[in-house]
2 protein chains.
Amino acid sequence: MGPKRQPTLDEVAARAGVSRSAASRVINNARHVSQAKRDAVERAVAELGFVPNPTARALATQQVGAVVLALSHHDPAQFTDPFFAQIILGVNAELEKTDLELLLVLANTTQGQARLQRILKSRRADGVMLMALRGDDPLAALADQHDVPVVFGGRPLHAEPRWYVDADNRGGSRLATEHLIGLGRRHIAVITGQMDTDAGASRHRGYLDAMAVAGLSPSRVEHGDFTEPSGAAAMTRLLAAYPEVDAVVAGSDAAAAGALRALKAHGRSVPGDVAVVGFDDLLTAQHTDPQLTTVHQPIHGLGREMAKMLLSLIAGEEPHPLILPTRLVRRASA
Amino acid sequence: MGPKRQPTLDEVAARAGVSRSAASRVINNARHVSQAKRDAVERAVAELGFVPNPTARALATQQVGAVVLALSHHDPAQFTDPFFAQIILGVNAELEKTDLELLLVLANTTQGQARLQRILKSRRADGVMLMALRGDDPLAALADQHDVPVVFGGRPLHAEPRWYVDADNRGGSRLATEHLIGLGRRHIAVITGQMDTDAGASRHRGYLDAMAVAGLSPSRVEHGDFTEPSGAAAMTRLLAAYPEVDAVVAGSDAAAAGALRALKAHGRSVPGDVAVVGFDDLLTAQHTDPQLTTVHQPIHGLGREMAKMLLSLIAGEEPHPLILPTRLVRRASA
DNA sequence: AGGGTTATTGGAAGCGCTCCCGGGCCCTAC
DNA sequence: GTAGGGCCCGGGAGCGCTTCCAATAACCCT
């Protein structure tokens, strides 16, 4: 094992022959220190390998130096979706510019939610990013209960939080549907994501928008939960109940992949018999056969913007909610 | 916003009419407190909604109440692999039983590594779990540099850390290869994962083991990096350089999926022309066409065991390194 | 030259908690 | 009756840092 004990600021000060206050000013890069003392302290810091103790600093400044990313997913399988990995990557990218640490809280269980509450209540973090809320999520009220900035990733179903960043789900889904209509498809079904989710509901609404504008009656809706198996199951139900289906807009790439699988199992060709569009534009959309036409949403950017927004809140600014654009990516499946 | 300031232990003590020491004893559930005072304090705690300040506690006890999970992956795409999500899930499951928080550090960039160093040096965490080391990873020496317990997930390439948990990569890969041999395949190629990784190298070695035992000469090796595209590319090279190939053992499920894709593109049937086995047994192994025969490794368990081991280290015990068993899961691709 | 800024400095008071210690107290054993 | 040995209990000294403050020192202007 290495050094048993880290040097303290007092030791640095002693070695540099200055007061602790002066040493503190130097390491915080504050004013009112002569160049001579500054040099002396910096030398001592280097010689001793001093690193300020964040705990002590946190206690004194009332700033923890950490933020939490709370993910309120439905089940383990969902967390496994690369979507979350991308979010984490985005958040991390932004946080790397600062010296805030990232606390990860999986708030899907009651236990996890309690933990999040505790963290906020005891001010163990300077801010929170909250993702993927279910409609009834008790966490939605979090923002008001504690004196800690909270930014939402995606909106909760029945609330408009003060600060959030979201993708243009409705617009993207509308784009996708319009594309199918433009292709001449008329029996366009939809496989939704979880409808107790704003993303799920909004994407469905986007589909309805496009159908209404085109004067088509919404054909058929099957509910899924964004996952591959749910997409496959929904597609199977769809084929049974609505065999003339010639296009489907899925709530996610995973669901679309599931639909592809089910279509193949039933001997329908894609896009020949049935055109399919996904949503997300994950890497996996390029690994399906055929490659997936899908709605691109900037997931990494979503994570980044959440972090940015939180940082600016912590800095005392007043950022505005943000809706990131989505766009259609044309590939082979539609 | 909610309550501006949390009550302190002093206020609790005052309200309960006891000394701060007594109040502290109560909330720490320590001895030497009369039932009367205990009740009084507990009432005050409830009324005030007191939650002890972890920062102050950490400063006093020299225990932070947090551990870090550091992921040293190669690139963003790799982090996106559900493998990591599973690890996180496993770690989290174990941590949920305690009141330790999870600090997530993406240590793939120089910046991330520096951050990890800083965290350790300033004792911002009580322990570290370190995953997925490249061969040359400077982080491998971490364990010796600081007075903080470190457990490795997977072994670094040229070192045997004091504490680690790993899957039986070599054994699993051998199993897979033996299975192919048992199927009567004789032109068995391998698509490796990153060879500067113990997992990559060990899986390759397992393949060699099986080939040697069967008296077969290792046919052909193409190097990949565990990812889907790398698997597809490797398979394409393989088909060109070694057209008689009738089986391939891939370094991961993703690579196997890529191989499947390439095979299909070249008009080879699976498993008819070429049998394919993967490694990992992710959910996605069931979503390929055909479903993937693969080596199951308990990823979630790996995360759990890492956390367990770290907890026991923190508790001052001396756990032993752990190698988790792998097993072959037979599906359609081989 | 004198009054008024403005820089620098170290002392000391916290931040909110833990935990050692010594003083009461009561009970038991001799 | 009294010396020990538990239990309770509160005082107080930290944990390592920031930051306010009062005291000097240096400097500017007219």
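Any value given below was found using the heavy atoms of this structure, including those in side chains, with hydrogens, waters and symmetry copies removed. Labels below follow one simple rule: chain letters A, B, ... track the order of the sequence lines, proteins then strands, and each chain is numbered from 1.
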| task | Please find the earliest and latest nucleotides of DNA chain D, in the 5' to 3' direction, that have an atom within less than 4.0 Å of any heavy atom of chain A. | result | D:dG16 to D:dC20
| request: Quickly work out the B:Arg20 CZ to C:dT18 P distance and round it to whole Å. | output: 10 Å
| field | Of the listed nucleotides C:dT18, C:dC19, C:dG16, the one nearest the side chain of B:Thr8 | value | C:dG16
| Residue B:Asn28, side-chain heavy atoms: nucleotide from C:dT18, C:dC15, C:dC19 that is nearest | C:dT18
| field | Beyond-backbone contact of A:Leu9 with A:Ser24, side-chain heavy atoms, under 4.5 angstrom | value | yes
| field | Nearest-angstrom distance from the residue atom CD of A:Gln63 to C1' of C:dG16 | value | 17 Å
| request: Output yes when B:Lys37 and B:Glu42 qualify as a salt bridge under the 4.0 Å nitrogen-oxygen rule, no when they do not. | output: no
| query | Do we see a donor-acceptor contact under 3.5 Å between the side chains of A:Asn28 and A:Arg57? | reply | yes
| task | Would you mind telling me which residue lines up with the more 5' stretch of DNA chain C, B:Ala60 or A:Ser21, judged by nearest nucleotide? | result | A:Ser21
| task | Tell me whether the OP1 or OP2 atom of C:dT18 has a side-chain N or O from B:Gln62 closer than 4.0 Å. | result | no
| query | Rounded to the nearest 0.5 Å, how far does CD of B:Glu11 lie from OG1 of B:Thr8? | reply | 4.0 Å
| request: Quickly work out the A:Arg31 CZ to C:dA7 P distance and round it to whole Å. | output: 6 Å
| query | For the atom pair CE (B:Met306) and OH (B:Tyr164), what is the distance rounded to the nearest 0.5 Å? | reply | 13.5 Å
| field | Length of the line joining B:His32:NE2 and C:dT18:P, which is rounded to integer Å | value | 16 Å
| task | Find the distance between CD (B:Gln78) and CG (B:Leu71) and round it off to the nearest 0.5 Å. | result | 10.0 Å
| task | Can you see which heavy atom on A:Ala13 is nearest to which on A:Ala23, and at what distance? | result | CB-CB, 4.0 Å
Quick test: give all pairs of protein nitrogen or oxygen and nucleotides 21-25 of chain C nitrogen or oxygen below 3.5 Å, distance rounded to 0.1 Å.
none

| remark: Given the options B:Leu311, B:Leu130, B:Leu313, B:Val151 meets side-chain contact (heavy atoms from CB on, under 4.5 Å) only with B:Leu313
| remark: B:Arg57 CZ to C:dT18 P, in whole Å, measures 5 Å
| field | Test side-chain contact (heavy atoms from CB on, under 4.5 Å) applied to B:Trp163 and B:His320, B:Met129, B:Glu318, the passing residue | value | B:Glu318
| field | Separation of C:dC17 C1' from A:Leu59 CG (nearest whole Å) | value | 8 Å
| field | Pairing of A:Glu96 and B:Arg115 as salt bridge, 4.0 angstrom limit | value | no
| said: Just to be sure I understand the geometry, which residues of residues 34-56 of chain B put a non-hydrogen atom under 4.0 Å away from DNA chain C? | reply: B:Phe50, B:Pro52, B:Asn53, B:Ala56
| Closest non-hydrogen atom pair between A:Gly154 and A:Phe152, with its separation | O-CB, 3.5 Å
| field | Whole angstrom value for the distance that separates P of C:dT18 from CG of B:Leu9 | value | 6 Å
